[in-house]
Asker: 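Quick one: this structure, given as structure tokens, is what I'll be asking you about.
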Amino acid sequence: MARKHFGRRMAAALAVALVVSLGAAAGTAWAYYTDTNRASGMIAFKYESNPPSTEVKEEPDGLNKVISVKNTGEVDAMVRVKVFAPTIDGVTVRIFPVADDGKTEIETGSGWTQSVEGNKDEGWWYYTSPIVPGAFTSKLKVDVSIDESKDVPAFDIAVVQQCASAKSYKPGGLMLGTFHDGQKSLIGAVAFDDTAAQNQDGE
């Protein structure tokens, strides 16, 4: 069955992509995740002699994936994550914060939010505090549900993360940072919770 590639052009412009290949065989849905090479051109601004650098950590969970982002650089970094998925009858894809167990969904206090100016139709998840070098964000889960009664074709899902400088961040403020598409700020009603959003210890 021909593979459908989704979001290739967008993923090529961003920092790191994890490609999720899903398909159907003998009536049974299955999935696997593979790393791709780092996309060319981690966004580095000219005034930054030491730009931030991050990578994704993956934890398989059946058809799903639990992810976190590690700061692999030498300076504090702001990060955001997005899932690019096709619309296919019989397939539901969600991304949401989870506890350390990778299973329990967290509604508030995870350190992740989508309540960012201009993000209504973009679908990014933003981490609300800087990640210090060597530390991880809290976890997000990519949850894939497949209705096995449907004839589901093979398809790809790209989980993309991007980092930005933390120079614009001020504790208690609304500014998160400047990503490839401009400055990003929290919506005023969203309050910072630096205690809940503290970096996880490096491994």
Side-chain angles (χ1 to χ4, degrees), residues 7 9-18 36-58 66-84 95-98 106-142 158-203:
R9 181 177 301 174
M10 179 65 75
L14 301 176
V16 179
L18 302 179
T36 64
N37 293 327
R38 184 180 299 274
S40 61
M42 171 75 76
I43 303 302
F45 301 102
K46 292 181 179 179
Y47 59 82
E48 291 181 338
S49 59
N50 190 13
S53 177
T54 53
E55 66 180 21
V56 173
K57 175 186 175 183
E58 313 171 66
V66 176
I67 61 175
S68 57
V69 181
K70 180 181 181 180
N71 185 341
T72 57
E74 299 177 352
V75 296
D76 291 358
M78 306 301 294
V79 299
R80 63 181 183 177
V81 173
K82 183 175 181 178
V83 173
F84 294 90
I95 182 169
F96 50 86
V98 290
I106 299 176
E107 294 186 1
T108 59
S110 68
W112 291 101
T113 186
Q114 291 189 297
S115 297
V116 172
E117 297 287 351
N119 192 47
K120 181 178 180 181
D121 298 320
E122 296 296 323
W124 288 97
W125 282 92
Y126 288 81
Y127 206 60
T128 58
S129 63
I131 314 172
V132 300
F136 289 81
T137 64
S138 57
K139 296 178 179 181
L140 287 171
K141 185 171 185 177
V142 182
V159 181
V160 177
Q161 69 89 9
Q162 184 185 30
C163 66
S165 169
K167 291 181 178 180
S168 300
Y169 170 84
K170 295 184 185 309
L174 298 178
M175 174 66 72
L176 295 177
T178 302
F179 291 83
H180 86 285
D181 53 349
Q183 292 184 344
K184 299 299 177 182
S185 299
L186 291 167
I187 294 174
V190 177
F192 267 106
D193 185 348
D194 287 332
T195 300
Q198 283 181 354
N199 302 155
Q200 308 297 305
D201 292 334
E203 297 182 359

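All heavy atoms count here, side chains included; hydrogens, waters and symmetry mates do not.
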Asker: Using modelled atom types only, decide if a donor and an acceptor are shared between the side chain of Asn119 and the backbone of Gln114 within a distance under 3.5 Å.
Answerer: yes
Asker: Taking all atoms of both residues into account, what is the closest heavy-atom pair of Cys163 and Phe179, and its distance?
Answerer: C-CE2, 4.1 Å
Asker: Nearest heavy-atom pair of Pro52 and Ser165: which atoms, and what distance?
Answerer: CG-N, 3.7 Å
Asker: Keeping to residues at least two apart or across chains, list the salt bridge (Lys or Arg N to Asp or Glu O under 4.0 Å) pairs with something in residues 172-185.
Answerer: Arg80-Asp181, Asp181-Lys184
Asker: So do Trp125 and Leu140 actually touch side chain to side chain, heavy atoms under 4.5 Å?
Answerer: yes
Asker: Any heavy-atom pair between the side chains of Leu176 and Leu186 that's under 4.5 Å?
Answerer: yes
Asker: Nearest 0.5 angstrom please: Phe96 CZ to Trp112 CH2, how far?
Answerer: 14.0 Å
Asker: Could you tell me whether a side-chain N or O of Tyr127 sits under 3.5 Å from a main-chain N or O of Ser138, the two making a donor and an acceptor?
Answerer: yes
Asker: Within this structure, what is the CD1-CD1 distance for the pair Ile67 and Ile95, rounded to the nearest 0.5 Å?
Answerer: 4.5 Å
Asker: Looking only at heavy atoms, what is the nearest atom pair of Pro133 and Gly73, with distance?
Answerer: CB-O, 3.4 Å
Asker: Going from CD on Glu58 to OG on Ser68, what distance comes out if it is rounded to the nearest 0.5 angstrom?
Answerer: 10.0 Å
Asker: Do you know the tightest heavy-atom contact between Val116 and Thr113?
Answerer: CG2-CG2, 4.3 Å
Asker: Work out which heavy atom in Val75 is nearest to a heavy atom in Asn71; give both atom names and the distance.
Answerer: O-ND2, 2.8 Å
Asker: Say you draw a straight line from CD1 of Ile131 to NZ of Lys70; how long is it, rounded to the nearest 0.5 Å?
Answerer: 11.5 Å
Asker: Under the rule for side-chain contact (heavy atoms from CB on, under 4.5 Å), what residues qualify as partners of Glu74, not counting sequence neighbours?
Answerer: Asn50
Asker: Hey, what do you get for OG1 (Thr54) to CD (Gln162), rounding to the nearest 0.5 Å?
Answerer: 8.5 Å
Asker: Can you tell me if Gln183 and Ser168 form a side-chain donor-acceptor pair at under 3.5 Å?
Answerer: no
Asker: Where the side chain of Thr137 meets the backbone of Val69, is there a donor-acceptor pair that is under 3.5 Å apart?
Answerer: yes
Asker: Is there a donor-acceptor contact under 3.5 Å from the side chain of Lys82 to the main chain of Glu122?
Answerer: yes
Asker: Please check if the side chain of Ser53 supplies one atom and the backbone of Thr72 the other of a donor-acceptor pair under 3.5 Å.
Answerer: no
Asker: Kindly compute the distance separating CD (Glu117) from CE (Met175), expressed to the nearest 0.5 Å.
Answerer: 10.5 Å
